[in-house]
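Read the numbers this way: they start at 1 and go in the same order the structure lists the ligands and their atoms.
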Amino acid sequence: MKPKFPFRNLVPTFFAGLLDDPILLIRSRPDGRHLLFDCGQVHHLAKRTFTHLDAIFISHAHMDHWMGIDSVIRQLIASERTVNIFGPPGLSDRMEHKLSGYDWNLVEDYWCSFHVHEIHQEKIESSIFPGPQGFRRQPGEVLSRNNLNIHQTPYLQVQAETCDHQIASLIFRINESPAYSIDRQKLESLGLVPGPWLGELKKRYLAGKGDSKPLEVLSLQAGGIRPVWIENVAELLEQLIVSRPQRSIGYISDVNFSQENRETILRFMAGVDLLFCECTFLTADKNRARDSDHLCCEDVNHLLKELRPAYFLPMHLSRSYSRRSSELYHELKPPPETRILRIPLQITPRPLLAEEITWQLSL
Ligand SMILES: [Zn+2]
């Protein structure tokens with residue numbers, strides 16, 4: 001049975017197999033915009049997927065997380081848009097090197113631009129690569145950073161923390177905007193009638209401005225429906241607004257199992273509903289995990305025991321286990337409330353062999 005995710009606005013799709021380079025796509029349902037997390041082999045994604053792409057989040061610039069950016073540039077080039085790319089310090093240099101690997105003598109005014117934002121602990125430093133100018137790098141703004149947020153829309157918020165993977169590696173948390181509903185029974189018991197005023201009330205709730213000024217509402221009275229001014233809007237909000245739990249998704253790839261990373265992950269990912277996490281090695285190969293600064297099953301079990309997400313999708317299993325992938329699912333011991341999501345071993349089609357090609361040139 002297909003799991004029913006608890007999200008209202010977020011539609012996550014993991015576009016890679018267990019052994020493939022990770023790519024997570026999150027669609028924001030209300031505005032149809034797409035966010036991409038990591039950028040390995042993306043050439044199998046439909047062009048349409050890129051048409052709605054707003055932002056790309058790169059955990060670190062190891063090849064299996066970053067090499068697909070060339071395909072992304074190729075797909076977006078004529079889209080006349082600006083796409084934001086968020087990643088660890090040094091990403092702007094890497095983007096510059098990528099772009100300078102091509103000739104751009106045939107540029108057009110309608111070409112897309114990229115804004116690369118390097119996430120430091122205390123600041124976000126940006127560079128701009130404008131397509132119409134042949135992607136020549138220009139300095140962008142430097143913003144001081146006093147919270148974990150790096151990207152926000154009316155429907156979601158993306159946060160980032162820095163972990164260690166011998167190099168800086170970002171982990172991401174995607175939060176849905178706070179959800180709420182109007183208590184219809186309460187509305188009726190107060191003798192109030194729904195109308196455009198409810199929209200204004202919701203607006204004030206979201207802006208945290210309950211008590212700013214009186215609000216005109218519709219009230220059911222002996223003579224019919226009448227407009228009435230409510231002075232204490234904060235009290236009205238308290239009576240009518242039912243807030244729902246805020247849902248979130250966590251994405252972890254790649255990190256080591258140091259004490260510091262553990263503490264960061266447990267603090268940052270607390271309460272996520274769906275967790276994507278690398279599980280590169282089986283527990284018997286813990287030494288390989290330690291040597292390459294990755295996680296093994298035992299490490300992931302430890303994190304799951306603490307975090308207890310409703311759903312967990314293990315990813316990025318080492319290709320050395322291509323015939324032993326079922327052992328991963330035997331070793332994972334999630335708490336009872338966590339459901340493990342299984343994905344195919346590979347979704348990237350294997351290359352064709354020469355003898356499989358049906359057309360031939362014969363002389
Ligand atoms: Zn890596």
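- Counting only residues at least two apart or in different chains, salt bridge (Lys or Arg N to Asp or Glu O under 4.0 Å) contacts with residues 131-158 comprise D93-R137, E96-R137.
- Remark: the H117 side chain and the N84 side chain contain an N/O donor-acceptor pair separated by less than 3.5 Å.
- Within a 6.0 Å sphere centred on CZ of R29, heavy atoms belonging to other residues, nucleotides or ligands number more than 12.
- For the Zn ion (ligand 1), protein N/O/S neighbours under 2.8 Å (waters excluded) are H60 NE2, H62 ND1, H165 NE2, D254 OD2.
- Screening Y311, F312, Y251, F276 against F14 for a ring pair (Phe, Tyr, Trp, His ring centres under 6.0 Å) leaves a single residue, F276.
- With a 6.0 Å radius and a threshold of 12 heavy atoms from other residues, nucleotides or ligands, E238 has its CD atom at or below the threshold.
- For CZ of R94, the number of neighbouring non-hydrogen atoms (other residues, nucleotides, ligands) closer than 6.0 Å is 12 at most.
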